[in-house]
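Values in this document were obtained by computation on a predicted structure and should not be read as measured data.
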Amino acid sequence: MTIQDDTQLTHVATLDYEGRRYNVSVKTSFDGVEYVGRLFFADDGWEDAALPDRGALPGRTREEVLALARRLTSQELILRYRRALAEKRRYLGLRRVTDEILAKIRYLNQVALSMRAGLLDSEGAAGEIDLTERQLHELISKLRMYVGVEGGTPD
């Protein structure tokens, strides 16, 4: 079964907190079982992306998720904003390399599964596995440059 990516971002509230105004939106997507929403807080003065809240808002339908998000009080939104702010990613370069490593591991597993299922020949799969393994070693050697460095690139 193929799951379509029908992610939608919908404005649900405006939050005034510590003299600033934040647009609160909920990004809703279907994960194959249920609809899941995540709140995003954006200030008009910000040039980067909105700040995500890690908390999930689950529902049977997109409308149920939106209704749940709209029912949050100002105090609840403030608490969620403060949690999002406290957990804001600071080590972006490390996160990027880590995400690349995880993607390579997933690809490696997919190649092995495809080979076992007879979708790839052993020789072609072995070549892909060797290449991916070398790429993983290169990525791992980069980790040292990014550990403990805030922002996206090491100095």
Side-chain angles (χ1 to χ4, degrees), residues 1-114 117 128 132-155:
M1 177 173 115
T2 304
I3 299 172
Q4 292 181 320
D5 182 16
D6 62 348
T7 302
Q8 290 184 358
L9 186 66
T10 306
H11 181 269
V12 292
T14 302
L15 175 64
D16 291 312
Y17 179 65
E18 293 187 342
R20 302 200 62 131
R21 179 166 277 195
Y22 301 94
N23 291 311
V24 183
S25 299
V26 64
K27 185 181 281 189
T28 309
S29 59
F30 186 70
D31 70 359
V33 176
E34 64 188 349
Y35 284 88
V36 179
R38 287 187 63 199
L39 294 178
F40 284 80
F41 300 90
D43 184 315
D44 290 335
W46 292 349
E47 293 180 17
D48 58 350
L51 185 64
D53 177 26
R54 70 171 165 82
L57 301 170
R60 289 181 297 242
T61 65
R62 184 180 311 282
E63 291 73 27
E64 194 174 299
V65 172
L66 291 174
L68 181 60
R70 288 183 175 123
R71 278 197 311 267
L72 293 171
T73 65
S74 292
Q75 187 58 36
E76 290 169 323
L77 289 173
I78 288 170
L79 290 173
R80 286 175 174 264
Y81 171 74
R82 289 172 52 193
R83 174 175 61 191
L85 192 58
E87 295 177 349
K88 182 179 176 184
R89 293 205 190 279
R90 295 179 6 214
Y91 305 98
L92 302 176
L94 181 61
R95 168 53 68 179
R96 188 175 55 250
V97 173
T98 302
D99 287 343
E100 287 180 49
I101 289 170
L102 290 172
K104 294 290 181 191
I105 291 170
R106 288 183 188 105
Y107 178 73
L108 193 64
N109 192 51
Q110 191 59 49
V111 169
L113 291 172
S114 296
E128 281 297 309
T132 305
E133 187 177 335
R134 282 194 304 276
Q135 292 170 338
L136 276 166
H137 285 287
E138 290 172 14
L139 288 169
I140 289 169
S141 69
K142 286 183 182 180
L143 284 175
R144 181 180 299 222
M145 296 184 329
Y146 292 99
V147 173
V149 177
E150 290 190 36
T153 58
D155 292 332

Q | Point-to-point distance, once rounded to the nearest 0.5 Å, from NZ of Lys142 to CZ of Arg144 | A | 15.0 Å
(Q) I need the minimum non-hydrogen distance between Gly59 and Glu34, along with the two atoms involved. (A) O-CB, 3.6 Å
Q: Drop me the distance from Glu100's CD to Glu138's CD, to the nearest 0.5 angstrom.
A: 11.0 Å
Q) What's the shortest heavy-atom distance between Leu139 and Val97, and which atoms? A) O-CG1, 3.6 Å
Considering only distance and modelled atom types, tabulate donor-acceptor pairs under 3.5 Å from the side chains of residues 66-77, sequence neighbours left out.
from: Thr73; atom 1: OG1; to: Glu76; atom 2: N; distance (Å): 3.1
from: Thr73; atom 1: OG1; to: Glu76; atom 2: OE1; distance (Å): 3.3
from: Glu76; atom 1: OE1; to: Thr73; atom 2: N; distance (Å): 2.7

Q.
Any non-hydrogen side-chain atom of Leu113 less than 4.5 Å from a side-chain atom of Asn109?
A. yes
(Q) Please enumerate all residues that pass ring-ring contact (aromatic ring centres under 6.0 Å, His included) together with Tyr107, with sequence neighbours excluded. (A) none
Q. Taking all atoms of both residues into account, what is the closest heavy-atom pair of Thr14 and Asn23, and its distance?
A. OG1-OD1, 4.0 Å
(Q) Test of understanding: with salt bridge (Lys or Arg N to Asp or Glu O under 4.0 Å), list the residues that count as partners of Arg95, not counting sequence neighbours. (A) Asp99
Q. Can you name the closest pair of heavy atoms from Arg82 and Tyr17 and give their distance?
A. CD-OH, 3.1 Å
Q | Any residue meeting side-chain contact (heavy atoms from CB on, under 4.5 Å) with Lys27, in chain and number order, not counting sequence neighbours | A | Thr7, Leu9, Phe40
Q: Name all residues meeting the salt bridge (Lys or Arg N to Asp or Glu O under 4.0 Å) criterion together with Glu63; count only those two or more places apart in sequence or in a different chain, and write none if there are none.
A: none
Q.
Nearest 0.5 Å, please: how far is OH in Tyr81 from CG in Leu15?
A. 8.5 Å
Q) How many angstroms lie between atom CG of Leu102 and atom OG1 of Thr98, to the nearest 0.5 angstrom? A) 7.0 Å
Q: Please name the pair of heavy atoms, one in Pro52 and one in Ala84, separated by the smallest distance, quoted to 0.1 Å.
A: O-CB, 3.2 Å
**Q.** Atom pair CD/NZ of Glu133 and Lys104 - distance to nearest 0.5 Å
**A.** 13.0 Å
Q: Enter the distance from Phe41:CZ to Arg20:CZ here, rounded to the nearest 0.5 Å.
A: 14.5 Å
**Q.** salt bridge (Lys or Arg N to Asp or Glu O under 4.0 Å) involving Arg80 - partner list, sequence neighbours excluded
**A.** Asp53
Q. Got a donor-acceptor contact below 3.5 angstrom from the Arg62 side chain to the Thr28 backbone?
A. yes
Q: Before giving the answer on side-chain contact (heavy atoms from CB on, under 4.5 Å), spell out for Val65 and Val36 the whole-Å C-alpha distance, their side-chain angles and the decisive distance to 0.1 Å.
A: CA-CA 7 Å; Val65 172; Val36 179; over 6 Å; no
